[in-house]
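Here the structure comes first, spelled out in C-alpha cells, and everything after it is commentary.
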Amino acid sequence: MLPFFQKLLRVEAGATATEPYLQIYVDKLLSDSLVCAPLMARSVEQMVIDMQRAKAQGADAVEVRLDFIDSFQPSPDLETIIRNKPLPVIIVYRPRWEGGQYEGDEHTRLEALRLAHDLGADYIDVELKVASYLVGEVKNKHQAGGKVIVSSYLNGATPSKEDLGHLVARMQATGADIIKVVSNADDITELERIFHLLSRSEVPAVAYSLGERGLISQLLCPKFGGALVYGAMEGNSIPGLPTLDNLRETYKVENINSDTKVFGLVSKPVSHSKGPILHNPAFRHANYNGIYVPMFVDDLKEFFEVYTSPEFAGYSVGFPYKEAVVQFCDEVHPLAKSIGAVNTIIRKPSDGKLIGYNTDCEGSIAAIEDALKEQKSINGASLNSPLAGKQFVVAGAGGAGRAIAVGAKSRGARVIIFDIDLARAESLAQVVSGEAQPFESLAHFQPENGAILANATPIGMHPSTDRIPVAEATLGSYQLVFDAVYTPRKTRLLKDADAAGAITVSGVEMFLRQAIGQFNLFTGREAPKDFMREIVLSKF
Ligand SMILES: O=C1C[C@@](O)(C(=O)O)C[C@@H](O)[C@@H]1O
C-alpha cells in the first residue's frame, strides 16, 4: 500500500524516503488523511463564514462548491474566497452533467477554474471529461503552484475492480496530482472495491461511495491510504457523510493507519447504534489500534464472501441477523449454539476462521442479577442466583429474547416465552424447558407475585415509544422489569414499572455489559470497565 503522502512524495520528487529522519517525517504524515468539509453556501459571504466554521469544527481543508453560489462572479468572488481561506481550499465548479448545479457554458466554467488556480487555490477539481484541456496547461504555468484533482462522479453503483482499474489508469494519464472517484453504493460489498482502489493507486487518491451504505468508505479511508476524508459541518448533513465532529471525536480518524484493525456492527438498520461512541473511545483508552464502524448489511452471505481479509477482525451482530449469522460462522461457542444466536464474531488471526459468540446472555442476566442483589444488599458472590426458582417472563423470542431465556434458565428460573410467532416461542421454550404462549395473551397474563419481566421486543423503541408489551395493571406483580430496548434509556415500560413499585433495569445496562464482553473478545485484553461505564452514563 502507498499511503497518501508517500505517494505524493513519489509523484512530486520521484523519490522514496530513505533518510531515517525523512522516513520518520513521512511515517508521521502517512496516517494523516486530510479531513475535508464540503461547503455549499449560497453566497460568498456565507462561504467565508463557513470556511471559518469548518476550521473550528476540525476540518483540515475545505471544498468550496462554486456551483452553489448564487450569481457567482468569478473574479471578485474567487479573490474573496482565496484571500480569506483559513485552510487549504479545493475549488470545485461542478456542472449538471457531472451531478453539480452549474448550467452555463463550459468555456466560462473552465475559465473560472483557471482563475482559481492563478489566484492561489491550493487545489482545483477538474472532471475527467475535460481534464485533458486543463491539467497540462495549468501545471505548466505554475510548476510549484496549486495542484489539480481529476475527478469522476459515477452516476450509480461502483464498477467492477477491472473497470475501476481502467478508469484510474485514464485518470492518472491526465497528469493529475490527485484522482477522485465517487460512486453511489447500493450495497456495502461495493466498498471493498473502493478500498482496493485506494490501496493500489499509484497517485494520491480519493475514493468513496455516497449514501447510507457508503459511510464506511469515509471512515476507513485513512486505513487504506485515501488522501481526503469528507465530513459534514454541523447542521449541514449529507447522506453517507459523517459529521466533522464524528470524525474527530468518535472515530479520531487522525489516529487511524494501515495497521488499524476494523470491527463493525453488522445490522440493518444500523445508524441508531451507540456502539461506535462506546467501542472507539474504549479502544483508545486501552491503547488498542482498532476502529468500530456501523456496517449496513443487506445480504449476509455476500458480505462474508467479500470481506475475508484479516484487517476485518471482528463484528458485533445486531438486528435482524443474530440468528441468521450462525450459519456463516466456522465455529460457534457452545453457549451461543445453545441460544441459537450470535452477537459477536471474531476472525481468528491464525487461519481467518470466524468464531461466533453470544455476549447478550451474560450481559442481560448479570444486569438483572446485580439489581436484585443490590436491593437485597447481597455483597460478594452467593452460590445461588437470585433468579433461582423465579417465574421469568420473556416478551419476544428473537436473538435477544433467546439469549435472555437461556441465561434465565441457566440460573434456575422458570421461563415463559411470548412471541407473535408461536412456533418460534415454542422452539425456544423447548430449549429452556419452559412454556410458550402467543404474544396476544401477554396483554392479560397475570404473573406470579415477585416474577421477573424481560422485554426483548422492539416495543418502546422509536416509533412505538408510547407502547408497553403487558397490561399496565399487572406491573405491580413483578419484582423486577428489564427492558432490552436501550434508546430511549427510560422506556415507557420502565417508567410505568417504576411507578408500580418494581425494580427496573434499563437496556443500557445490558448494552454496556455485552459490549464489555465484546471488547474482551475483540482485543484479547481486559475491557476498561469503569471507563466504559462512564461513557455510557455521560453520553447515552
Ligand atoms: O443487541 C445489541 C446491540 C447492538 O446491535 C447495537 O445496536 O449496537 C450491538 C450488538 O452486539 C448487541 O448484541
Side-chain angles (χ1 to χ4, degrees), residues 12 34-57 59-153 171 174-180 182 204 206 227-228 230-233 235-236 238:
E12 299 243 301
L34 299 181
V35 170
C36 178
L39 305 182
M40 284 156 290
R42 305 222 70 108
S43 70
V44 180
E45 295 71 33
Q46 191 59 44
M47 257 330 163
V48 171
I49 294 170
D50 284 357
M51 288 195 290
Q52 293 290 352
R53 284 177 58 218
K55 183 178 180 191
Q57 289 175 32
D60 298 314
V62 286
E63 177 182 286
V64 170
R65 288 287 300 265
L66 301 182
D67 48 308
F68 278 84
I69 299 176
D70 291 330
S71 320
F72 172 67
Q73 302 286 323
S75 185
D77 291 354
L78 278 168
E79 261 177 44
T80 307
I81 291 165
I82 292 167
R83 194 171 358 100
N84 290 293
K85 71 185 175 76
L87 294 170
V89 66
I90 302 170
I91 297 290
V92 178
Y93 205 5
R94 198 70 77 217
R96 275 256 188 250
W97 53 261
E98 188 89 333
Q101 305 286 311
Y102 179 80
E103 285 181 309
D105 70 279
E106 276 298 281
H107 178 74
T108 312
R109 190 176 76 85
L110 299 184
E111 273 306 304
L113 287 171
R114 281 190 183 92
L115 180 63
H117 176 81
D118 291 347
L119 290 173
D122 301 270
Y123 303 87
I124 57 169
D125 175 318
V126 180
E127 299 73 23
L128 175 61
K129 282 183 193 141
V130 294
S132 56
Y133 301 114
L134 223 57
V135 184
E137 177 200 319
V138 160
K139 288 182 74 177
N140 283 337
K141 217 170 172 185
H142 290 288
Q143 301 251 335
K147 298 190 186 314
V148 183
I149 300 176
V150 170
S151 61
S152 184
Y153 273 71
M171 296 174 87
T174 62
D177 295 302
I178 297 180
I179 60 165
K180 174 176 177 182
V182 183
V206 180
L228 298 174
Y230 284 84
M233 276 202 312
N236 218 0
I238 302 170

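Everything quoted here is computed from the prediction, not taken from an experiment.
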Is any side-chain heavy atom of Leu39 closer than 4.5 Å to a side-chain heavy atom of Met233? yes
Identify the two heavy atoms, one from Ala54 and one from Val62, that lie closest to each other, and give their separation to 0.1 Å. CB-CG1, 3.7 Å
Taking every non-hydrogen atom, the tightest pair across Cys36 and Ile90: SG-CD1, 4.0 Å
Show me the pairs that pass side chain to side chain donor-acceptor pair (under 3.5 Å) and involve residues 91-102, at least two apart or across chains. Arg94-Asp125, Arg94-Glu127, Arg94-Ser151, Arg96-Glu103, Trp97-Glu106
Quick one, Gln46 and Arg42 - any side-chain contact, counting heavy atoms below 4.5 Å? no
Indicate the atoms forming the closest heavy-atom contact of Ala227 with Val206, along with that distance. CB-CG2, 4.0 Å
From Leu119, Asp118, Val44, residue fulfilling side-chain contact (heavy atoms from CB on, under 4.5 Å) relative to Leu78: Leu119
Are any of the side-chain heavy atoms of Val135 and Val150 separated by less than 4.5 Å? yes
What's the shortest heavy-atom distance between Pro95 and Arg109, and which atoms? CD-NH1, 3.4 Å
Test log, rule side chain to side chain contact (heavy atoms under 4.5 Å, CB included), inputs Val130 and Leu113: CA-CA 12 Å; Val130 294; Leu113 287 171; over 6 Å; no
Taking all non-hydrogen atoms of both residues, which atom of Lys55 and which atom of Pro86 are closest, and how far apart? CD-CB, 3.8 Å
CD1 on Ile149 to CE on Met171, rounded to 0.5 Å: 10.0 Å
Return the minimal non-hydrogen interatomic distance between Ala41 and Asp50, and the atom names on each side. CB-OD2, 3.7 Å
What's the spacing between Asn236 CG and Gln57 CD if we round to 0.5 Å? 9.0 Å
Assess whether side chain to side chain contact (heavy atoms under 4.5 Å, CB included) is satisfied between Met51 and Leu87, documenting all intermediate values. CA-CA 8 Å; Met51 288 195 290; Leu87 294 170; over 6 Å; no
As an exercise, state the distance from CG of Leu115 to CD1 of Ile82, rounded to the nearest 0.5 Å. 7.0 Å
Can you confirm whether Val126 sits close enough to Val138 that some side-chain heavy atom of one is under 4.5 Å from a side-chain heavy atom of the other? no
Mind checking whether Leu228 and Ile178 have side chains closer than 4.5 Å, heavy atoms only? no
Considering only residues two or more places apart or on different chains, which pairs with a residue in residues 76-88 satisfy side chain to side chain donor-acceptor pair (under 3.5 Å)? Lys85-Asp122
